[in-house]
Amino acid sequence: MNTVLTVSFFKAAIIAGTPLLFATLGEIMTEKSGNLNLGVEGMMLMGAVVGFEVGYVTNNPLLALVTAALAGAIGALIYAFLTVSLRANQVVSGLALTIFGTGFSGFLGQGLIGLKMSEGFISNFQKIKIPGLGDIPWLGEIFFNHDILVYFGYLTAVILGLYLYNTRKGLNLRAVGENPAAADAASVRVTRYKYTHILLGGALCGLGGAYLSLVQVPVWQENITAGRGWIAVALVIFSAWNPYRAILGAYLFGGLDIIGFRLQGSGIVISQYIFDMAPYLMTIIILVIVSFKKDIKNAPPKALGEPYFREER
Amino acid sequence: MQFRLVKKPEITQRQYTVIILTAIALALLTSGLFILLLGLNPIQVYLAMLNGAFGSTYRLEQTIIVAIPLVIISLGIAVAFKMKFWNIGAEGQVIMGAFFASYLALNYQDAPKPLLLLGMLAAGFLGGGLWGLIPAFFKARWGTNETIVTLMMNYIALKWITYLQYGPWKDPNSMGFPKIPNFTANAILPNFLGVHLGWVIALILVVIMYFFMNHSKKGFEIAVLGESLNTARYAGVNIFRTILFSMFISGGICGLAGMIQASAVGNTLSVEVAGGVGYTAIITAWLGALKAPWIVLVSVLFAALVQGSSYIQSAFGISAASASLIQAMILFFVLGSDFFTKYKVVFGSEFLTRGKEARE
């Protein structure tokens, strides 16, 4: 175990958890508006492939990240149009988006397989040690000596938390997810809130995918997300739709993601493929445990999954 | 502009067909624009796809071979979806069915052929069914979200086969190449009229599932449970048992497809045994409106898309992933078209005059 529970392991867990964090926050935002978007995996793949392609061609990290977020938002727009405007089944629409995103990344990524981002590009994501905080023993190295996107992840979680619980707009958003008819009566523009947050959520998923392809791996491989989008959907339930708790969940699963590889190095004889099951197995176990105790604090937004049709009130 | 939505009365079967066909046409048109953007002639590409899917006896047979697992798995998924149990674990259920069947194929290779094949079919059903029971139990007992559990189990099944293929089941005679030994001839489904026997099994299943879903008590209970939990409860349906039973059937049918793929197509078990068909079948099941006869039609069309895409890959250099893009596009449009079967848009002035008429 000595090679596992080290500072470098926890630090790597944070990195592996960052794409999960972005995607989980994106899906929390989406679900808070009352829409269950199961297309997270697809939007992450769209962001991953567009970010990689743009980054590879232009060598411009900001452009790569922005286009990746846009790609995720475009995927979310298809979903929003179908479910909000056309009131299509949310589960199937989300699945369709995942299938679309997988096809899209396979299509665009065919010529990219095996390509690596240039050294110059990767150097944009060097570790930056935060003065002061970075000097705390152990914790400083684990949390405050990372690339800029990891910090952006922390920031996004906190901003989303403040937005949801401490602003007027956040309150409106939660109202839309809990009881759209009441929100509508209080002259909250339900459709506009839904579209905005589904699209922003998609952008975060796209960004999560791009972190994977541009920073964490930086080599293109087919299906680079390998189910992380789905784990993010589960993490939303695990974190009880709370952005602060999402931080914990994402990094926990980041650790599980890399534990097989680490244990392999430590000379434990169980096959790596068995340990590779860990994040998926843990997701199931956590979902089951969460479903044991049903209390109001852990409940999903009440109108989650239901289309809102004003004339049917 | 002022507009509002009005619910339509029930529409006729004919109107419904027109709307669906329009949606498919629009999907092909949109995909065509995409092809145009790639600098190719979409009509040529579509014709080449048709040619690649149906252009010769050999190609037609290949298309049918792709359609077989799609039909079978869609039938399985339809059982769960009818209950609004979102089983997206078909991929894993296929894999586990193939795993159970392969266990027999590899360990009892000297058993008489009919006996071995029947045993493998039963094992395939059992493997997929048991894999489907796990999320069903969690859902029925604690209401655990089945979408994510079934999906996670796909990855676990896949890792399990990877483990076997690279570890305990690795062929010692493969000179280090990670593959599971090929089945003996005894464990391989024979051909019938040019295509392996799987097509006969698929058609038998279509008939069985048609009657099961439409004319049996259990099938009716599943439909009622899908419509409303409370109605089912008042009607005296045992909800716990119905969920478990139908997921065992759903997973079991997927497992059968796994046995067929391992035996007739792969001739052994490998990580490729399902190859994503469990996900494609979700689309075909949905587009087939969860009805057995429609599922056959949609599955053959989708198989043609897959075969056609791999043909245009060599002819035009378009990635075979274009198949899943076009498939998703069709699904998007059909999902969207459902709206027009239920609602119509009434614009401001028309709405006002109508209101006037009504008042007068």
Side-chain angles (χ1 to χ4, degrees), chain A residues 36 38 41-42 78-79 81-83 85-89 91-111 222 226-227 230-231 233-234 237 271-284 287-294 300 309-312, chain B residues 4-7 34 81 84 86 88 134-135 138-139 141-145 147-149 151-168 276 279-280 282-283 286 313 318-332 334-340 342-343:
Chain A
L36 174 70
L38 295 181
E41 178 88 358
I78 302 175
Y79 167 86
F81 181 68
L82 285 174
T83 58
S85 295
L86 297 182
R87 290 151 180 94
N89 181 304
V91 174
V92 184
S93 302
L95 286 176
L97 179 55
T98 287
I99 291 165
F100 177 80
T102 311
F104 181 85
S105 82
F107 192 85
L108 269 188
Q110 197 192 21
E222 226 187 320
W230 292 101
I231 292 180
V233 176
I237 302 173
S271 165
Q272 182 196 340
Y273 303 108
I274 299 292
F275 277 107
D276 281 350
M277 295 178 186
Y280 311 113
L281 208 59
M282 272 306 280
T283 307
I284 295 177
L287 274 180
V288 172
I289 292 173
V290 169
S291 60
F292 280 166
K293 38 171 202 172
K294 293 242 183 301
F309 184 45
R310 184 185 253 183
E311 278 79 356
E312 263 172 16
Chain B
R4 51 176 255 145
L5 303 173
V6 178
K7 264 214 156 156
F34 193 68
F81 273 28
K84 298 228 166 67
W86 304 110
I88 45 179
I134 300 171
F138 291 146
K139 171 80 175 183
R141 184 76 182 72
W142 295 295
T144 312
N145 184 313
T147 322
I148 298 164
V149 175
L151 194 101
M152 292 293 120
M153 291 182 68
N154 291 346
Y155 289 101
I156 295 175
L158 197 62
K159 295 286 176 196
W160 172 242
I161 304 300
T162 317
Y163 165 70
L164 291 177
Q165 189 174 334
Y166 284 76
Y279 298 106
T280 311
I282 296 171
I283 314 185
W286 185 260
Q313 182 168 31
I318 302 178
S319 160
S322 58
S324 50
L325 270 182
I326 299 178
Q327 287 168 356
M329 208 74 93
I330 293 176
L331 183 58
F332 280 148
V334 173
L335 274 168
S337 77
D338 202 35
F339 175 80
F340 297 97
K342 287 191 194 129
Y343 304 102

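Quick note on labels: first sequence line is chain A, next is B, and so on, each numbered from 1. Values reported hereafter were calculated over all heavy atoms of this structure, with side chains retained and with hydrogens, waters and symmetry mates removed.
With chain B as partner, the option from A:Leu108, A:Thr83, A:Val288 having the largest number of non-hydrogen pairs under 4.5 angstrom is A:Val288. Contact count against chain A (heavy-atom pairs under 4.5 Å) is highest for B:Trp86 among B:Phe138, B:Trp86, B:Tyr279. The candidate from A:Val233, A:Ile274, A:Thr283 with the greatest count of non-hydrogen atom pairs under 4.5 Å with chain B is A:Ile274.
A:Tyr79 places no side-chain N or O within 3.5 Å of a backbone atom of A:Leu97 that could act as its donor or acceptor partner. At least one donor-acceptor pair closer than 3.5 Å links the side chain of A:Thr98 to the backbone N or O of A:Leu38. Using modelled atom types, one side-chain atom of A:Arg87 and one backbone atom of A:Ser85 make a donor-acceptor pair closer than 3.5 Å. With hydrogens and angles disregarded, no donor-acceptor distance shorter than 3.5 Å links the side chain of A:Asp276 to the backbone of B:Tyr163.
Contact annotation for A:Glu222: neither backbone nor side-chain heavy atoms come within less than 4.5 Å of a heavy atom of chain B. With a 4.5 angstrom heavy-atom cutoff, A:Ser93 touches chain B via backbone and side-chain atoms both. With a 4.5 angstrom heavy-atom cutoff, B:Ile283 touches chain A only via side-chain atoms. Residue contact with chain B, scored on non-hydrogen atoms closer than 4.5 Å, involves the side chain of A:Leu82 exclusively. Contacts between B:Thr147 and chain A at a heavy-atom distance below 4.5 Å involve the side chain alone, from C-beta outward. If you measure heavy-atom distances from A:Ala226 to chain B, the contacts under 4.5 Å come from the backbone alone. Interface remark: A:Val92 contributes backbone and side-chain atoms alike to the contact with chain B (heavy atom separation under 4.5 Å). Residue B:Gln313 touches chain A through its side chain alone, counting heavy-atom pairs closer than 4.5 Å. At a 4.5 Å heavy-atom cutoff, B:Ile326 makes no contact with chain A through either its backbone or its side chain. Both the backbone and the side chain of B:Ile156 come within less than 4.5 Å of a heavy atom in chain A. The contact between A:Leu95 and chain B is made entirely by side chain atoms (from C-beta outward), counting heavy-atom distances below 4.5 Å.
Contact check for A:Thr102 versus B:Ser324: no side-chain heavy atoms found under the 4.5 Å cut-off.
Classified by interplanar angle (parallel below 30°, tilted 30° to 60°, perpendicular above 60°), the ring pair B:Trp142/A:Phe292 is perpendicular. Ring-plane geometry between A:Tyr280 and B:Tyr155 is classed as parallel, the angle between the planes falling under 30 degrees on a 0 to 90 degree scale with a further cut at 60. Classified by interplanar angle (parallel below 30°, tilted 30° to 60°, perpendicular above 60°), the ring pair A:Phe100/B:Phe332 is tilted.
B:Phe339 CZ: more than 12 foreign heavy atoms inside a 6.0 Å radius.
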